Student: 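Okay, here's the structure, questions in a sec.
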Amino acid sequence: MKSFRERLLSDYNKKYDRDGISGMRMAERLHTLSKIGETDDGGSHRPGFSDEEWEAKKQVAEWMKAIGMEVRFDGAGNVIGKVVGKNPGLPAVISGAHLDSVPNGGHFDGPLGVLSALEVAESWVEAGVTPLRTFEIIVFTEEEGSRFQSGLLGSQAMIGGADLDVQKQLKDGAGQSFEDVLHERGSSIEQFVQAKREFKDGTTYIELHIEQGKVLEREDLPVGIVSGIAGPRYWRISFQGTAGHAGNTPMTDRQDALVAASQFVRAVYDLPTRVSDTAVATVGKLDVSPNGSNVIPGEVTLVVDVRDIHREPRDQLFQAVKEVAQQAGDELDVCVTFTETLNIEPVPVAEEIKENIRSAIELEGYRAIEIASGAGHDAMVMVHRCLLV
């Protein structure tokens, strides 16, 4: 079987190797990162703040330093690489993405944005070009939220948008607190807070990302224009019943948390289409306790991911999720508790920016189409402090 690198280059058109851009270099770097946390199925597993994510960050930091970029890590674990412009007094241009992944995630999700920005910086070095404005590449920490079920942590820290009361309550699947995990990485809550920075008016943010759907594939197009980013809201919901022996507890005397949770999960599936054509809701993670084959589940904790590119229907769906969870608990005599762990506003993209991107795409000879991004990105956080491209 061909390696990931070989597959990347097997049908690469070298006409794109111009102005210092190298497809070979991109392929080599994507391949290098793909080996960090590679799974048996050929995917990536780099949870936020993990050794694997940290190794990938250090590798990118080394590539940045090798071309003369100024590089630093902040208290949230974000990596900031900088090419100082001819006029550093002007607002900077920032390009960001992440290197953490969901379990068995794809090799392009995050790394493509990071390495594309690095390729731009490296092309300038090879051409002897110094940009007018300072150019920054930011590798954000824990974008996915797969460790703490609360994503976009690095970008939230950078704009000062993280809710510390919520952060301090977060625990990962192994029971480690957010504070303990920070300490493992040589940081602390105080340093996490200090990651907040100020941005000059006019600072611009751009994030290139692999499409996570199949619109471009169906249209046989290499690139599209994002019309808006769906804003995610997360519920962490706990169904608390009573554990008991599977053989000795009559069916009429049970408070089975898993049955209540299962009834809820099925109900959630039908909710989004009732409020919006673009709304979605997903239960992708459940923790069952005691999790024994002959024990009635006493507690189930799950996370519900609710999204839409429009705020009003998304918030309507979010409340509907809570109502059906409470209904399932009431019907099965199970206590239900709720904690909101993430609430990011949907982000529309300005018409002027979309037209600028459209012109650039068409200049390369491609048809330009708009695509709504159902996936959340650090861009939807950075838009609160920067102009979004």
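Since the model is a prediction, treat every value here as computed from it, not as a measurement. Computed over heavy atoms, backbone and side chain alike; hydrogens, waters and symmetry mates excluded.
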Student: Would you check, one step at a time, whether the test side chain to side chain contact (heavy atoms under 4.5 Å, CB included) holds for S95 with E207?
Tutor: CA-CA 6 Å; S95 188; E207 183 169 346; 5.9 Å; no
Student: Using a 3.5 Å distance criterion without hydrogens, assess whether the side chain of N87 forms a donor-acceptor pair with backbone atoms of L132.
Tutor: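 Between the backbone of L132 and the side chain of N87 there is no qualifying donor-acceptor contact (under 3.5 Å).
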Student: Is a salt bridge present between R358 and E355, judged by a nitrogen-to-oxygen distance below 4.0 Å?
Tutor: yes
Student: Can a side-chain donor-acceptor contact be found between S187 and H183 if the only test is distance below 3.5 angstrom?
Tutor: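 No, S187 and H183 have no side-chain donor paired with an acceptor closer than 3.5 Å.
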Student: Within the distance-only criterion (no hydrogens, no angle test), does the side chain of S373 pair as donor or acceptor with the backbone N or O of A375 below 3.5 angstrom?
Tutor: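 Indeed, once roles are kept as given, a pair shorter than 3.5 Å links the two residues.
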Student: So which atom in F199 and which in M158 form the shortest heavy-atom distance, rounded to 0.1 Å?
Tutor: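 Nearest pair, atom of F199 first, then M158: CZ-CG, 3.8 Å.
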Student: Just checking, is any N or O donor in the side chain of S276 or D308 under 3.5 Å from an acceptor N or O on the other one?
Tutor: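 The answer is yes; a qualifying pair exists.
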Student: What class does the angle between the rings of W124 and F135 fall in, given that below 30° is parallel, 30 to 60° is tilted and above 60° is perpendicular?
Tutor: perpendicular
Student: Kindly indicate, with the supporting measurements, whether the criterion salt bridge (Lys or Arg N to Asp or Glu O under 4.0 Å) is fulfilled by E190 and K196.
Tutor: CA-CA 11 Å; E190 291 73 25; K196 179 184 177 182; over 6 Å; no
Student: On a heavy-atom basis, which atom in A260 and which in F239 lie closest, and how many Å separate them?
Tutor: CB-CD2, 3.9 Å
Student: Can you see which heavy atom on P103 is nearest to which on S146, and at what distance?
Tutor: CD-CB, 4.1 Å
Student: Do E53 and S50 have a side chain donor and acceptor closer than 3.5 Å?
Tutor: no
Student: Output the rest of the hydrophobic cluster of I369: all Ile, Leu, Val, Met, Phe, Trp and Tyr residues reachable through side-chain heavy-atom contacts under 4.5 Å, sorted by chain and number.
Tutor: V215, L216, L221, I371
Student: Tell me if the CG atom of D201 is crowded by more than 12 foreign heavy atoms within 6.0 Å.
Tutor: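 12 or below, so no.
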Student: Hydrophobic cluster membership, with links at side-chain heavy-atom distances under 4.5 Å among I/L/V/M/F/W/Y: are M380 and V306 in one?
Tutor: no
Student: Let's go through F264 and Y269 carefully: what are the C-alpha distance in whole Å and the side-chain angles of both, what is the deciding distance for ring-ring contact (aromatic ring centres under 6.0 Å, His included) to 0.1 Å, and is it a yes or a no?
Tutor: CA-CA 9 Å; F264 163 73; Y269 187 82; over 10 Å; no
Student: What's the verdict on side chain to side chain contact (heavy atoms under 4.5 Å, CB included) for T278 and H310, showing C-alpha distance, side-chain angles and the deciding distance?
Tutor: CA-CA 8 Å; T278 51; H310 306 293; 3.8 Å; yes
Student: Any chance you could measure L9, atom CG, to M26, atom CE, to the nearest 0.5 Å?
Tutor: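 If I round to the nearest 0.5 Å, the distance is 10.5 Å.
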Student: Before you tell me yes or no, could you show the steps for D180 and S177 under side chain to side chain donor-acceptor pair (under 3.5 Å), namely the whole-Å CA-CA distance, both residues' side-chain angles and the distance that decides it to 0.1 Å?
Tutor: CA-CA 5 Å; D180 287 343; S177 71; 3.2 Å; yes
Student: Go through D330 and Q326 one step at a time and tell me if the side chain to side chain donor-acceptor pair (under 3.5 Å) criterion holds.
Tutor: CA-CA 6 Å; D330 291 345; Q326 191 61 63; 3.1 Å; yes
Student: In Å and rounded to the nearest 0.5 Å, what is the CG to CH2 distance from N343 to W235?
Tutor: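 Those atoms lie 9.5 Å apart.
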Student: Could you tell me if the ring centre of F192 sits under 6.0 Å from that of F178?
Tutor: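 Yes; F178 has its ring centre under 6.0 Å from that of F192.
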Student: Just by modelled atom types, is the S188 backbone N or O under 3.5 Å from a matching donor or acceptor in the Q191 side chain?
Tutor: yes
Student: Would you compute the distance between atom OH of Y205 and atom CD1 of I94 and round it to the nearest 0.5 angstrom?
Tutor: 8.5 Å
Student: When you compare the side chains of E184 and Q176, does any donor N or O come within less than 3.5 Å of an acceptor on the partner?
Tutor: yes
Student: Passes side chain to side chain contact (heavy atoms under 4.5 Å, CB included), V79 versus M64? Steps please.
Tutor: CA-CA 10 Å; V79 185; M64 290 176 174; 4.3 Å; yes
Student: Closer than 4.0 angstrom, basic N to acidic O: yes or no for D11 and R7?
Tutor: no
Student: Any link between V381 and V226 through a network of hydrophobic side chains (Ile, Leu, Val, Met, Phe, Trp, Tyr) touching at under 4.5 Å?
Tutor: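 Yes, same cluster.
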Student: For H45 and T39, test the side chains for any donor-to-acceptor distance below 3.5 angstrom and give the result as yes or no.
Tutor: no
Student: Any salt bridge linking D100 with R46? Criterion: basic side-chain nitrogen under 4.0 Å from a carboxylate oxygen.
Tutor: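 The answer is no: the pair does not qualify as a salt bridge.
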Student: Counting only N and O atoms by type, is there a donor-acceptor contact under 3.5 Å from the side chain of S101 to the main-chain atoms of S44?
Tutor: yes
Student: Taking the basic N atoms (NZ, or NE/NH1/NH2) and the acidic carboxylate oxygens, is any pair closer than 4.0 Å for K168 and D163?
Tutor: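 Here K168 does not pair with D163 in a salt bridge, since their nearest N and O are not under 4.0 Å apart.
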Student: Count I, L, V, M, F, W, Y as connected when their side-chain heavy atoms are under 4.5 Å apart, and connections chain through other members. Are V120 and L30 then in the same cluster?
Tutor: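 Same cluster: V120 reaches L30 through Ile, Leu, Val, Met, Phe, Trp or Tyr contacts under 4.5 Å.
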Student: Do you know the tightest heavy-atom contact between T134 and V84?
Tutor: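 Between these two residues, the closest heavy atoms are OG1-CA, 3.8 Å.
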Student: Using a strict cut-off of less than 4.0 Å between a Lys/Arg side-chain nitrogen and an Asp/Glu carboxylate oxygen, indicate whether E217 and K214 qualify as a salt bridge.
Tutor: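 Not counted as a salt bridge, because no side-chain N and carboxylate O are separated by less than 4.0 Å.
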Student: Does the pair R185/E142 count as a salt bridge with the N-to-O cut at 4.0 Å?
Tutor: no
Student: With a 4.0 Å cut-off on N to O distance, would you call K285 and D287 a salt bridge?
Tutor: yes
Student: Where do G231 and R314 come nearest, in terms of heavy atoms and distance?
Tutor: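 For G231 versus R314, the nearest heavy atoms are O-CD, 2.9 Å.
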Student: Please check if the side chain of D41 supplies one atom and the backbone of G43 the other of a donor-acceptor pair under 3.5 Å.
Tutor: no
Student: Taking atom CG of L152 and atom CE of M382, what is their separation to the nearest 0.5 Å?
Tutor: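 Rounded to the nearest 0.5 Å, the CG-CE separation comes out at 11.5 Å.
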Student: Show the numbers, then the answer: is there a side chain to side chain donor-acceptor pair (under 3.5 Å) between E119 and S116?
Tutor: CA-CA 5 Å; E119 191 63 30; S116 295; over 6 Å; no
Student: Hey, are E299 and S238 close enough side-chain-wise for a donor-acceptor pair under 3.5 Å?
Tutor: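 There is such a pair between these side chains.
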Student: Is a side-chain N or O of R133 found less than 3.5 angstrom from the main chain of P91, in a donor-acceptor match?
Tutor: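 Flag set: sc R133 to bb P91 pair under 3.5 Å.
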Student: Decide yes or no for F338 and V304: does some side-chain heavy atom of the first lie under 4.5 Å from some side-chain heavy atom of the second?
Tutor: no
Student: Give the intermediate values and the outcome of side chain to side chain contact (heavy atoms under 4.5 Å, CB included) for residues L33 and H107.
Tutor: CA-CA 8 Å; L33 293 182; H107 295 316; over 6 Å; no
Student: Could you go through Q327 and E331, starting from their C-alpha distance and side-chain angles, then the distance that decides it, and tell me whether this counts as side chain to side chain donor-acceptor pair (under 3.5 Å)?
Tutor: CA-CA 6 Å; Q327 182 179 354; E331 289 180 4; 3.3 Å; yes
Student: Decide if the gap between the ring center of Y234 and the ring center of F148 is smaller than 6.0 angstrom.
Tutor: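 Ring-ring flag for Y234/F148: false, centres at least 6.0 Å apart.
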Student: Measuring from atom CD of Q255 to atom CG of L332, what distance do you get when rounded to the nearest 0.5 angstrom?
Tutor: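 Nearest 0.5 Å value for the CD-CG distance: 10.0 Å.
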Student: Shortest non-hydrogen contact from A261 to V300?
Tutor: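 Closest pair (atom of A261, atom of V300, distance): CB-CG1, 3.8 Å.
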Student: How long is the gap from CG on L286 to CG on L302, to the nearest 0.5 Å?
Tutor: 5.0 Å
Student: One pair to check against salt bridge (Lys or Arg N to Asp or Glu O under 4.0 Å): R18 and E364. What are the steps and the verdict?
Tutor: CA-CA 13 Å; R18 66 178 192 268; E364 291 294 325; 3.0 Å; yes
Student: Output yes when E122 and R25 qualify as a salt bridge under the 4.0 Å nitrogen-oxygen rule, no when they do not.
Tutor: yes
